[in-house]
Amino acid sequence: MRQLIIIGSGPAGFTAAIYAARANLSPLVVASSVEVGGELMNTTEVENFPGFPDGIQGPDLMAKLQAQAEKFGAEILYDDAVELDLDGPVKRVTLGSGRVEEADALIFATGSAYRRIGIAGEDRLSGHGVSWCATCDGFFFREQEIAVVGGGDSAMEEATFLTRFASKVYVVHRRDELRASKIMQERAFANEKIEFVWNSAVVDILGGDAVTGVLLESTVDGSRRELPVTGVFVAIGNDPRTHLVHDKLDLTHEGTVWVDGRSSRTSVPGVFAAGDVIDPTYRQAVTAAGSGTVAALDAEHFLAALGEAGEPEPHADEISGRAETAASAV
Ligand code: NAP
């Protein structure tokens with residue numbers, strides 16, 4: 001049996017893996033069968049991760065984090081966790097392949113998933129003009145007029161990026177002011193290809209086999225109009241990815257996994273959580289990385305205490321020395 005399994009391969013999961021691996025816990029990272037690296041894999045330039053004054057591409061940053069974790073002995077598994085058994089001292093993770101992995105401790109760092117508007121046409125035309133990822137799909141919209149929905153940093157980033165391809169990008173926002181940071185707002189305002197459509201909700205996405213437009217409803221007077229576009233990029237935020245733990249870990253009223261104060265301790269002993277899945281507020285790559293650090297140190301502390309209590313026997317000597325390191329670092 002392993003000492004530690006980490007579920008998730010974003011900044012939180014990989015940073016937890018770096019710390020845990022350096023503490024000789026030989027963590028297994030369940031990193032996804034589809035795309036390792038989490039949401040930053042869908043990002044272009046990351047300008048605010050400390051240590052990269054010239055910026056770094058999201059996928060490059062994640063590749064560096066993975067390499068750093070592997071260098072210290074983390075094992076990366078390209079599979080998905082499909083079921084968790086968190087009752088009792090042994091934590092069991094069932095993988096997509098059917099294989100079951102067991103550990104004394106588990107770090108849950110599954111991040112968040114793109115939010116959907118929840119309107120007609122959205123699912124039906126997904127992949128046929130409706131997208132959640134400008135870096136993945138922007139290329140298909142050369143010289144076309146498209147819409148980005150949302151008013152936060154993601155929407156500004158997507159809209160700005162999409163002007164590389166599209167002839168025009170409408171940013172449709174439900175209010176008359178943006179939530180995005182000043183620098184992202186200013187960049188979007190300065191871009192001649194971007195036009196803002198204020199106080200408007202997208203209530204339908206139109207088209208048969210492909211998007212032909214969106215139906216907008218004024219959030220001021222309820223009036224409706226069609227905006228002809230061939231692409232719709234939804235950038236209205238994310239929801240914590242908690243489906244694996246709904247009935248297993250306590251959640252907050254915001255839907256994130258509950259943790260005890262500033263720690264990563266969840267409602268189940270031996271299970272720790274980190275990153276966007278516990279964070280309804282900051283949700284930055286660097287805060288997720290910090291959160292992963294906390295989880296690794298908490299897990300290390302937990303495993304050391306377990307060792308001192310007499311189990312698991314094989315790791316006891318190794319771990320007890322590290323308990324002080326973990327405690328003093330927290
Ligand atoms: P966000 O900050 O939560 O913004 C979501 C936007 O979508 C808001 O403007 C919101 O409108 C709108 N919205 C939410 N639900 C909607 C719905 N059902 N219909 C229509 N509009 C809806 O999410 P985000 O932009 O994804 O950013 C999340 C976090 O990541 C933030 O902390 C952000 O700073 C960070 N981030 C940073 C960068 C960067 O620094 N490069 C890039 C991307 C994201 P209201 O304003 O009316 O609520």
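Scope of the values below: all heavy atoms of this structure, side chains included, with no hydrogens, waters or symmetry mates. Each residue takes its place number in the sequence, starting with 1. Counting starts at 1 for both ligands and their atoms, following the listed order.
Within 6.0 Å of CG on Asp209 lie no more than 12 heavy atoms contributed by other residues, nucleotides or ligands. Remark: His246 NE2 is packed, more than 12 non-hydrogen atoms of other residues, nucleotides or ligands lying under 6.0 Å away. In the displayed structure, Phe139 atom CZ is contacted under 6.0 Å by at most 12 heavy atoms of other residues, nucleotides or ligands.
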(request) I would like to know whether Arg283 and Glu254 meet salt bridge (Lys or Arg N to Asp or Glu O under 4.0 Å); could you show each step before the answer? (result) CA-CA 14 Å; Arg283 303 160 54 85; Glu254 281 149 321; over 6 Å; no
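Using a 4.5 Å heavy-atom cutoff, the side chains of Gln66 and Val36 are in contact. Contact of the Glu145 side chain with the Ser167 side chain is registered, since non-hydrogen atoms from C-beta on lie closer than 4.5 Å.
Nearest to atom 23 (O) of ligand 1 among the protein's heavy atoms is Gly237 CA, 3.5 Å. Counting protein heavy atoms only, atom 40 (O) of ligand 1 is closest to Asn48 ND2, 3.0 Å. Nearest to atom 33 (C) of ligand 1 among the protein's heavy atoms is Asp153 OD2, 3.4 Å.
Considering only non-hydrogen atoms, atom 11 (O) of ligand 1 lies nearest to Arg174 out of Met156, Arg179, Arg174. Scanning Pro280, Ser154, Gly152 for the heavy atom closest to atom 27 (O) of ligand 1 points to Ser154. Nearest-heavy-atom check against atom 47 (O) of ligand 1 across Glu177, Glu157, Arg175, Arg283 picks out Arg175. In this comparison of Ile119, Ile236, Thr219, the heavy atom closest to atom 12 (C) of ligand 1 sits on Ile236.
Distances shorter than 4.0 angstrom occur between a heavy atom of Met184 and an atom of ligand 1. The closest approach between any non-hydrogen atom of His173 and ligand 1 is below 4.0 Å.
Asn191 is linked by a side-chain hydrogen bond (donor to acceptor under 3.5 Å, both in side chains) to Thr163, counting only residues two or more places apart in sequence or in another chain.
Distances below 4.0 Å separate heavy atoms of Tyr282 from the following atoms of ligand 1: 32 (O). Using a 4.0 Å cut-off to heavy atoms of Asn238, the atoms of ligand 1 that qualify are 26 (O). Counting atoms of ligand 1 from 1 in the listed order, those under 4.0 Å from a heavy atom of Gln284 are 31 (C), 32 (O), 33 (C), 34 (O), 35 (C).
There is no side-chain donor-acceptor pair under 3.5 Å between Asp260 and Ser263.
The shortest N or O to N or O distance between Gly151 and ligand 1 is under 3.5 Å. For a threshold of 3.5 Å applied to N or O pairs, the pair formed by Arg116 and ligand 1 contains no separation below that value.
With a 4.0 Å cut-off on non-hydrogen atoms, Val46 does not touch ligand 1 at all.
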Distance-only donor-acceptor pairs under 3.5 Å for side chains of residues 173-183, two or more places apart:
{"unit_1": "His173", "atom_1": "NE2", "unit_2": "Glu177", "atom_2": "O", "d": "2.9"}
{"unit_1": "Ser181", "atom_1": "OG", "unit_2": "Asp153", "atom_2": "OD1", "d": "2.9"}

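Of all heavy-atom pairs spanning Val214 and Leu206, the tightest one is C-CD1, 4.1 Å.
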